[in-house]
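Small disclaimer: the values here were computed from a predicted structure and weren't measured. Note on naming: letters A, B, ... go to the chains in the order of the sequence lines (proteins, then strands), and numbering restarts at 1 for each one.
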2 protein chains.
Amino acid sequence: MHSREGGPAALVRLVAAGQAESRADLARLSGLAPSSVSLRVEQLIEARLLTEEGEGASRGGRRPRRLRLAPAAGVFQVADLGAHHVRLAVVDLAGTVLAVTELPHEISSGPEATLDFVIENMPPSDQPVRGIGVGLPGPVDPVTGQVVSPSRMPGWSDFPVRDQLRARTGLPSLVENDANLMAVGEYRHSWPGLDNLMVLKLGTGIGCGVIAGGRLHQGRGAAGDISHVRIFAEATVDCSCGHPDCLEAHASGAALATALGVEHPTDILNLVASGVPQATSLARTAGRLIGDVVTALVNFFNPDALVIGGSLSGAEPLVSTIRAVIYERCLPLATRNLQIATSRSGRDASILGAGHLLLGAPLSDEWIDAVVR
Amino acid sequence: MHSREGGPAALVRLVAAGQAESRADLARLSGLAPSSVSLRVEQLIEARLLTEEGEGASRGGRRPRRLRLAPAAGVFQVADLGAHHVRLAVVDLAGTVLAVTELPHEISSGPEATLDFVIENMPPSDQPVRGIGVGLPGPVDPVTGQVVSPSRMPGWSDFPVRDQLRARTGLPSLVENDANLMAVGEYRHSWPGLDNLMVLKLGTGIGCGVIAGGRLHQGRGAAGDISHVRIFAEATVDCSCGHPDCLEAHASGAALATALGVEHPTDILNLVASGVPQATSLARTAGRLIGDVVTALVNFFNPDALVIGGSLSGAEPLVSTIRAVIYERCLPLATRNLQIATSRSGRDASILGAGHLLLGAPLSDEWIDAVVR
DNA sequence: ATGACTTACTTCGAAATCGAACGTACTGCG
DNA sequence: CGCAGTACGTTCGATTTCGAAGTAAGTCAT
């Protein structure tokens with residue numbers, strides 16, 4: 001993400017994203033003249049969106065006067081929905097998590113009940129709420145903000161989630177696929193500068209978020225959906241989508257859990273960690289299947305890094321098998337500069353991603369402009 | 001590609017790209033005030049980069065005064081290199097092809113000889129040359145402008161093509177993979193607005209160019225390289241890359257030509273067109289293999305359109321098999337709004353793409369600024 | 001310490017840009 | 001035909017942005 005326009009919102013964003021700490025940084029990154037930056041910053045401080053806080057480290061000359069977001073600049077509320085639980089958080093504009101709770105909740109209880117639950121249980125905040133974001137384990141149409149034909153979310157199909165969220169809260173609202181949020185979170189907080197990024201989310205299902213050219217690649221809402229790619233396995237398993245031998249039917253947390261006779265994907269981790277041979281072997285097989293699919297995608301997309309997250313990313317044999325398959329089968333050209341690593345932002349990756357997308361939305365421009373004037 | 005900055009170059013670009021025909025268009029698209037646009041346009045006319053030419057159609061009010069690029073604004077020279085031939089063209093900034101020649105030339109004669117050949121045989125032009133672009137059938141590092149470990153281009157590896165081109169011609173220079181150029185050409189001239197586009201180039205080899213979010217996706221130079229994705233075929237064939245069963249070894253024009261005992265991929269077209277059973281059957285098999293690979297990519301990338309170009313795109317059974325496989329195996333969500341079509345820009349797609357990239361390069365900003373001042 | 005150099009930020013006149021009003025030229029309707 | 005409505009383009013004073021010079025406050029080598 002390079003130089004946007006030089007409105008007041010752009011400066012706030014640069015500070016919030018941690019890219020700029022001083023007026024000089026802002027001038028460099030925004031393309032505005034130093035004098036213009038000074039003027040604007042003064043306005044923003046007056047509007048209580050920014051504060052001056054101490055001094056930064058010298059880079060060989062006068063020390064910069066460090067700029068930070070003022071607490072009064074506000075917060076975002078974020079809900080990361082899984083199949084059986086909800087993670088609710090309040091983050092400030094810079095992406096600091098101020099409060100989190102994780103509560104059990106069945107997403108199958110439907111959109112209305114779920115949104116009620118989210119709004120009801122959101123942690124309170126002293127500061128003004130500037131927006132609300134929701135991550136969902138299914139495809140979200142970026143234009144309408146609706147969920148489209150999700151496999152694990154009965155009752156959600158074509159429900160206007162974004163509109164309902166805005167109607168109920170009156171806040172700028174964001175609805176996005178969970179793997180996409182995770183990709184944005186990892187990108188902004190752990191892999192800045194790696195503008196082409198693939199983030200695998202291995203949990204109950206198999207998701208993938210894609211950053212292309214520094215921006216979230218949404219496609220028409222289904223981008224990153226690799227669950228139903230055909231794979232070639234020994235035994236045939238029919239997938240819920242109607243086709244045989246989808247990746248998800250063989251290698252998802254749900255599939256592994258079934259094969260191992262446990263209920264939750266997290267149980268798999270324990271089995272693998274304690275060295276149960278069958279679990280390790282299954283993890284390796286899953287890793288090979290996932291790796292085979294991702295190999296083609298890595299050749300095609302040629303990312304700077306492949307990040308593996310989700311609860312199953314804690315299963316070492318699975319991750320190392322994926323890594324091995326990729327290095328073995330991909331073009332040397334594609335792996336030459338490729339980093340393959342597990343998530344660095346952890347459980348909060350999606351929440352951080354939602355915060356960042358909310359900050360970047362045109363929505364945010366509006367209220368920043370409004371506050372400054 | 002939305003509103004860039006409002007420099008003089010931006011306005012020229014909008015006119016050249018055919019997006020703007022009047023001052024009013026420019027004001028809308030650039031975000032500048034109408035008054036500022038008028039001022040700038042006057043300068044550009046004075047600098048002989050734009051001309052006023054007649055009037056446009058009324059949209060319910062006063063007719064716009066149509067703006068066009070002045071011929072004196074200049075031209076680009078473009079070379080599209082294949083394995084055995086070179087296509088040389090002169091295009092104006094708006095992408096009109098003013099002259100083309102196609103000459104036999106072996107790319108295996110090496111970079112020095114090839115660049116000499118290109119420069120020597122470029123069609124002459126009355127107008128000032130503003131840049132030169134070269135398309136190559138191999139991966140190009142977007143940072144250095146070097147070819148990196150190409151399979152069909154002996155002697156080219158790590159040769160600094162872009163630097164050499166600039167050194168020899170003194171012109172702003174562009175070097176890019178041929179499939180990437182083709183993707184840009186198709187996107188700008190035949191599929192505007194479809195900002196997520198995959199363009200397959202089926203010729204001697206198998207290439208793929210990707211437009212993500214309206215911009216060419218280069219990755220680290222290898223993006224779109226699907227030749228060496230592993231496929232599952234009946235018989236095993238070893239690929240030159242050292243792995244067995246690469247897509248290219250089974251389904252490329254070169255592979256088909258070998259199997260059919262002909263020399264050039266174009267000969268395959270004749271055999272298929274005249275209904276030779278073996279040729280048709282092979283085309284279908286190739287289509288299925290390519291389709292299987294592309295299916296995964298379509299799910300992952302979720303493009304608005306898949307465009308099939310290159311000489312083999314004339315083989316109807318091949319194309320229709322690819323189409324059938326995709327519609328059969330992809331997620332409904334991914335195919336719901338997907339267009340699958342053959343190239344609309346034809347043989348000149350790459351040349352048009354090079355023209356457009358040259359126009360968009362920062363290089364162009366510089367000389368436009370220079371001419372205006 | 002001293003002086004040369006680097007970086008951060010501000011000041012202030014010059015230049016670019018804006019925006020509201022105006023002039024122009026067309027469409028479409030009664 | 002005449003008039004309302006709409007769109008294109010320009011004029012001109014108000015505003016924003018720039019940029020060169022100046023001030024402030026550091027580092028580093030001597």
Checklist entry - What does B:R28 touch in the nucleic acid at a heavy-atom separation under 4.0 angstrom: a base, only the sugar-phosphate, or nothing? => result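 Here B:R28 touches the backbone only, sparing every base.
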Next on the checklist: For Watson-Crick and G-U wobble pairs within 3.5 Å on both distances, what is DNA chain D written in dot-bracket notation, | included for inter-strand pairing?
Outcome noted: ||||||||||||||||||||||||||||||
Item to check | Test side-chain contact (heavy atoms from CB on, under 4.5 Å) applied to A:R68 - qualifying residues, sequence neighbours left out | outcome: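 Here the qualifying residues are A:T51, A:E53, A:R66.
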Is the distance from OP1 or OP2 of [N] to the nearest side-chain N or O of [X] less than 4.0 Å?
X     : N      : answer
A:S35 : D:dG19 : no
A:S38 : C:dC9  : no
A:R40 : D:dT17 : yes
B:R65 : C:dA25 : no

Give, for atom [atom1] of [X] and atom [atom2] of [Y], the distance between the pair rounded to the nearest 0.5 Å.
X      : Y     : atom1 : atom2 : value
A:L26  : A:Q19 : CG    : CD    : 10.0 Å
B:S30  : B:R28 : OG    : CZ    : 10.5 Å
B:L359 : B:L69 : CG    : CG    : 8.0 Å

Next on the checklist: Which nucleotide wins on minimum distance to the side chain of B:S36, given the candidates C:dC18, D:dC8, C:dT10?
Outcome noted: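 Among the listed nucleotides, the one closest to the side chain of B:S36 is C:dC18.
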Checklist entry - D:dG9, D:dG19, C:dT10: which one has an atom nearest the side-chain heavy atoms of A:P34? => result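 Nearest to the side-chain atoms of A:P34, counting from C-beta on, is C:dT10.
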Checklist entry - Quick one: what's the B/S/- string for nucleotides 25-30 of chain D, heavy-atom cutoff under 4.0 Å, read 5' to 3'? => result BBS---
Test of understanding: with salt bridge (charged side-chain N to carboxylate O under 4.0 Å, His left out), list the residues that count as partners of [X], not counting sequence neighbours.
X      : value
A:E52  : A:R23, A:R65
B:D304 : A:R220
A:R162 : none

Next on the checklist: Rounded to whole Å, please give me the gap between CG in A:L26 and P in D:dC18.
Outcome noted: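 To the nearest whole Å, that distance equals 13 Å.
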Next on the checklist: From CD of B:E42 over to P of C:dA16, roughly how many Å is that when rounded to an integer?
Outcome noted: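 Answer to the nearest Å: 14 Å.
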Checklist entry - Nearest nucleotide by nearest heavy atom, which residue falls closer to the 5' end of DNA chain D, B:P64 or A:V37? => result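 On the 5' side of the pair lies B:P64.
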Next on the checklist: Does this structure show an ion pair linking A:R13 with A:D365, if we count only N-O contacts that are shorter than 4.0 Å?
Outcome noted: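 Yes, A:R13 and A:D365 are salt-bridged.
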